Amino acid sequence: MTVDDGGSVDVSDGGFLTNQGPAPGISHHLGSSGAAHAGLGGRGACSGSKTCRTFKNLPYGSMYHPRNFGSGGHGNQGGIGGGILEIEVHDILRVDGAIKANSLDKDTGVSMSGASGGSGGSILIRAGAYVGGHTGSIEAHGGSGDNTGGSGSGGRVAIYYANNVTHGQYLGSYFLQGGPVGTSGAEAGAAGTAYTIHTETAHSTLYVNNYGRLPLYSEIRNIGRRLDLRTSTALNVKSEIYQADNGIIVTSSGAIYDDRYSSDSTYYAIGYLFDQSLSSHPTHYYRNAYASVTLTFDLKKVYFLNVVRVHVFCGLTTKFKVTGQLEGSTYPITTSYVLPPSPCTNSDPYVEIPVRQQADGLIFYLVATSSSSDASLSEIELYVEPIDVYDRYNHRELDSAKTWIEEDDGPHDFTELTVIGGSQLACMSAGNLTSPVKTRVEHLHGDTTGYIHIGYAQSMDIAHTNPDVPVSTRVYENGELRMPHRTFFWNVEMISSGKVTGIEDLFVFDSGYVRFDSNSSLGEDAEQSQFHLKSLHVQDGGTFELRSHEKDAGMDIKLGNLTVYGGGFFKSNDRFNLTADHLFAIHSGGEINLDHGGYETMETRGPVNGYVPSEGPGQGYGEVGSSSGGSGGGHGGSGGRSSSQVKVGLPYGSIYEPVDYGSTGGYGRDYGQLYFGNEAELNTVVRLGLGGRGGGAMKAVARHIFIDGKLTANGENGDVHAGGGSGGSIWLDCEELDGDGEISANGGKGQTYAGGGAGGRVAIYHHRMHDFNGTISAYGGTGYSSYSGGAGTVYLERIEDEESDSDRRTVYKILKVDNKGINHPPTQNILNGVYDDITEIGGVTWLWHSSHEYQFNETHVHGNAHLAVLSDTERETVVIDGGSLYGDRSAVIHIGMNQSLSFDWVDVYFAANVMLYRHGWMAIPSRLSMRDVWFEVRGTFSHSLELFVDSGGSLSMWSEGNSADHPVGTFKFTDMTVRANGEVVWWTSSEFPEMTVLLRDLRINAGGEVITNQLILEAENVTIDTSGQFHADGGGYAEGPGVGRPPLSNYPSTEGASGGAHGGRGGRGYYGLYSSQGYGSVHTPRTMGSGGGTSSGTAGSGGGSKRLILIGNVGAEVGGGSTSQGFGSVCTPSTMQRGLGTSSGTAGSGGGTILMTIRDTLRVEGELRVNGEAGTGYSGGGSGGSILGYLNHLDGAGSVQALGGRVFLQDNFNVTNPIRKLLVDNDLRATKSRVTKEETLSTAGVRVGDYQYELYNGIVAKTTASHYYYNYYTYYLFSHLFQQSTYGYVSVSTAPKITLQFPLTTYLEALKIYPICSGLGSGTSFQVSSRHGATVTSHSDGYLATSGCNSEYNNQKIFIRRDVDEVIIDLYLGSGRAGLKFMEIIVTEDPDLNHQLQYSIEAESLLIGEEQEEGGV
């Protein structure tokens, strides 16, 4: 049989008529779907929507024996199916023309009410020989619809032949594509199948070509059956109640919107929610008349609800919440309202909400997001029926246009398989969904646009490709794909949830994409989540991905070589182990990325702020609704605090064997809010306010590791107000590590007042890494206006193999901690070294391992890192051998209780700051130099003999600490030098009040400073250069306390407190009545200075106590200042007894003490002082302290001062007749030049209501009667009695009682009473009495008359002359309102006493203040 060029055999449109056949097109008002045959028909235009999914009929017909008509399209003018053509030629069939069974096209440029195309028919040929030229064609293509209708699929062709070598072959074409479509967005039908087989050689081919007509999407989703909520009668009925054909009822709580500009009664109906119309026309979306409405679904029976899909309408954006119903109870499907997308441009995007529960009803709560709009939605889809992994092919009626092998059991064996032109091929078992289907392909051909789908229990064995894999593949659960040994994925993808075998060398490049999930495997013997091959190469824009569906799945890759070249990208969202026999390489520009692959914040939790295990052991903390931000996640360190959330993510994981994910950051302000998402099509609900995800985890073992690119396991930045996730884990084990790349497990940033995530952990075991010049980091994430996460740890161990291959020996260990210079945590002190609860300690790096012993050859600390060891500090003993210390002097090392740390080598200057807590132990080399670092020593400080505190260095040693082999409070050094801008602090605590320092030589250079508060110093030589300082400033009692503490230091309404006392009285405040008493010994001054009192200002601390025992013949040179001065707001000597400022100010503190025993010469070139401190404002100055010196000779041109105190010096040069000097000097600072007999007190104070007046000196005046109201409220106030006003005090009573209450017992000399001589209150009589304890004494012999006074200056002085606690003044005016003009209070010292009282007219020095001192001076 011959079909010449131009000739044809044609049964086109010979099949089923429109709307008829096994799989005709299905109606839709926006374009009907095309008819199916070998594949699915195309979807209608749906107004150009990409995500509209309309129903289709399913494919049919045998690929091997096609004998079915094509089905008709939908609509009166829809396409007609292709016919059936069966040809049998016993000898030769030559086709140079055409054999056709097409569905003829419609005009795609015009509208025919959405008519769709018919499907191609069937051609079955049997021939002795089958030949033909290039002009020949075999055709069974689908037909087109109108401008909106989908086209029909191609049909089926099968050709059986037995050519021999002399016949030649068929060189023509096959046209079985789906029909064409217009430009309105309709989908083309799937390609048909063209199967040929040589009946003698069994050479078979399957040809699938859709000629560039692409389906809408590639994946076959497994989400169940869409519930059909359409109605054939009432889709556009504008009613609050809608009933679908299947009986389901949907009720709107509010009326449908009435458009005042249109009378169309079909607008905005509920039915438009279920018709897949996704445009802005009023007949394509639902709109209510109100801004808030509920839609209630009565499903009429119980369904297993898998997924809810929602499309919003962008013209009236609406947020929504969904609740499920079951047998009268409700449960949340969304925990809150889902906010609409922003920006919202069209209704194509949808959000898919998983349910996975039974339901017999649903409630949608809709709320318009604009105050002026109405609630609306575009589409709601419900997917029902329980699903398993084998149900993926069970609901194909909504799938995109794919070609299917149907009705044939197989196995299928193709010598050649060609899938090109955008076609997609899948196979449906002729049995049930779990029946196995096997396919073998000798040669696979393609053009990189096609797809092959391998379903449940299906397998495909591909022997050869040429050489790149030319077709994309999807392997679904329990499917299996066998590929050639060397596979090259260029511009195609392979996505596997099943088993892939055969591949030994895998190449991914130039837009190639290969993804294995945690259900899949690679390799003959590989189990689930295992991947075995010889080599993997990712390069030039290729991507290889490992994706886990749940955490802790874990994946294992075993191969010979893994190479990621420039532009290659390897990523994972989980933990995986890599074992490479030879090379693991990441070249420059290549990347292995495990970022954000760790723990994730859950959408919901039980108790607020509760611990959720799935978020990681180091999860940060958050606060719902808080604008302050969540804290960072912890891992290698603790997460950073937020601006108010003090609890942080905790550390965990081994520094030696890091295998853990990073943890989530704390959630932020918006936690609990849901968001639609911004993807163009499929969205899953976005949880706002989530903390950043932690980094993933990876272990790699290889002979040679080369990293010139990036290997990262970083934490994710937090959402707005949420904390950063912590870095993950990277563990490398190799013989050789080379490269200049980057290895990182950094923490994520905290956003908007949130804390940063901690760094993760990196460990590298190697034989050699001399040629690695890259960076290895585990930085903490920065906080935004908050605190940064702590650095993670980097551990490097050099190893050597032993004779046994399984054994190896550790040669060298390095610990690195670097936080990249980001800000310090909020506190330098960590719980005083007791780590029983570190939940509020953020930004610290924590070492942890199951062992309590750590040994490093090198320790590196940089970039503001804080390093501590996590242990049960009260029960466990931890030993750390740090080896050699390196750093940039910005980091802080913490040594907690029962922890010991030693370094055997440090650089010229110590490289870090140190917090050594009580019961901690630290050993350092014998020579220590400190420059720009500080030490806080409260534990045992060992080995250092020669110590230099250089510029910027600060050494603080506390009395609870000690040197090794010495009791608590005792430190011993050989030599100590304090250089310019260096500082040494020797300080006692209340628990250990004494401190001893043993030295051979102490030298304080110019600009150096030594500070103490209570010290015994034993030294052979002490040298204080000019401008050097050795003092106890501020080291005495704090404000208020102390033997010489000011009386009434915190009494209400006092204004201007007394200064602290010591060697003399403290100065009184400007308004003060009392002052502090001097104390201390002249001969043995060991007491500290007292703190000043407080009023409205700030009090200072008293000076400290310092005892110097200097042993040797060199003497003590004091060229600078050796002081024990009070420390307050102003550190100058006392200026006057009373402060003369104009504000409340600060009371001065008393000076401290210096006790010196010097066997040779005391040379003072500068100043040796224990001066009192000046008061500021109204507050009094402090008394000077005491200096006692026992010496052989006093020399020098400097001065020895104790202004306001005392100095006692005993010169023992002549042993039998020592010279004793007592110096008392106040530097002309008293307010009076001679002693005053009595004093009139200031009556300044503050009015407290109508019945009370409080004097600034502490006296409280009260009356029993309110003042008289006349015209103006301020006339005749009680306070006027003390303020010399025009009117004085006039009461509303004829006999009021006035009391003066003294805060302390006071010797009162007299009262001056000024009467009112004219007007209201004139003629008032009064009597005065006083009370001391329980004794009341009268001082006026009854009432004293004031009538007849003629001047306001008339007064009567009433002498008291006794100790009083209270003074009582009784007034009486028989027929009027009693009152007085003014009164004065006069005090003096009790002339019968010779000891110190709380009141003193002048501040004197105390000559002998200790009762135990005997004899004279």
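Just so it is clear, the model here is predicted, and its values are computed rather than measured.
Relative orientation of the Tyr917 and His894 rings is parallel, given thresholds of 30° and 60° on the angle between their planes.
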Side-chain donor-acceptor pairs under 3.5 Å in residues 688-696, sequence neighbours left out?
residue, atom, partner, partner atom, Å
Arg693, NE, Glu716, OE1, 2.9
Arg693, NH2, Glu716, OE2, 3.2

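A search for salt bridge (charged side-chain N to carboxylate O under 4.0 Å, His left out) contacts involving Glu591 returns nothing, not counting sequence neighbours. Taking the salt bridge (charged side-chain N to carboxylate O under 4.0 Å, His left out) definition, one finds that Arg575 meets it with Asp552, sequence neighbours left out. With sequence neighbours left out, the side chain to side chain contact (heavy atoms under 4.5 Å, CB included) criterion links Ser959 to Thr988, Ser989, Phe992, Met995. Residues satisfying the salt bridge (charged side-chain N to carboxylate O under 4.0 Å, His left out) test with Glu991, not counting sequence neighbours, are Arg918. Evaluation of the ring-ring contact (aromatic ring centres under 6.0 Å, His included) rule for His860 yields Tyr886 as partners, not counting sequence neighbours. Not counting sequence neighbours, the partners of Tyr656 by the ring-ring contact (aromatic ring centres under 6.0 Å, His included) test are Tyr795, His849. Partners of Tyr337 according to the ring-ring contact (aromatic ring centres under 6.0 Å, His included) rule, which considers only residues two or more places apart in sequence or in another chain, do not exist here. The ring-ring contact (aromatic ring centres under 6.0 Å, His included) search around Phe576 returns Phe570, not counting sequence neighbours. Residues passing the side chain to side chain donor-acceptor pair (under 3.5 Å) test with Asp836, sequence neighbours excluded: none. Partners of Ser643 by side chain to side chain donor-acceptor pair (under 3.5 Å), not counting sequence neighbours: none found. Among residues two or more places apart in sequence or in another chain, the salt bridge (charged side-chain N to carboxylate O under 4.0 Å, His left out) test is passed with Glu960 by Arg938.
Contact annotation: the side chain of Gln899 approaches that of Thr873 to within less than 4.5 Å [non-hydrogen atoms, C-beta and beyond]. Residues Val338 and Lys321 are not in side-chain contact: their nearest non-hydrogen atoms beyond the backbone lie 4.5 Å or more apart.
Under the 3.5 Å distance criterion, the side-chain polar atoms of Asn819 are left unmatched by any main-chain donor or acceptor of Gly863. A donor-acceptor pair under 3.5 Å links the side-chain atoms of Arg761 to the main chain of Tyr652, judged by distance alone. Judged purely by atom type and a 3.5 angstrom limit, Thr775 has no side-chain atom pairing as donor or acceptor with the backbone of Glu742.
Checked by atom type, the side-chain pair Asn823/Ser788 shows a donor-acceptor distance below 3.5 Å. Side-chain contact annotation: Trp934 with Gln828, donor-acceptor N/O pair under 3.5 Å absent.
Proximity of the aromatic rings of Tyr835 and Trp846 is defined here by a centroid distance below 6.0 angstrom, and this criterion is met. Between Tyr621 and Tyr667, a ring centre-to-centre spacing not shorter than 6.0 Å is recorded.
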Worksheet item: Tyr671 and His721: side chain to side chain contact (heavy atoms under 4.5 Å, CB included), yes or no, with the steps?
Response: CA-CA 9 Å; Tyr671 180 72; His721 292 280; over 6 Å; no
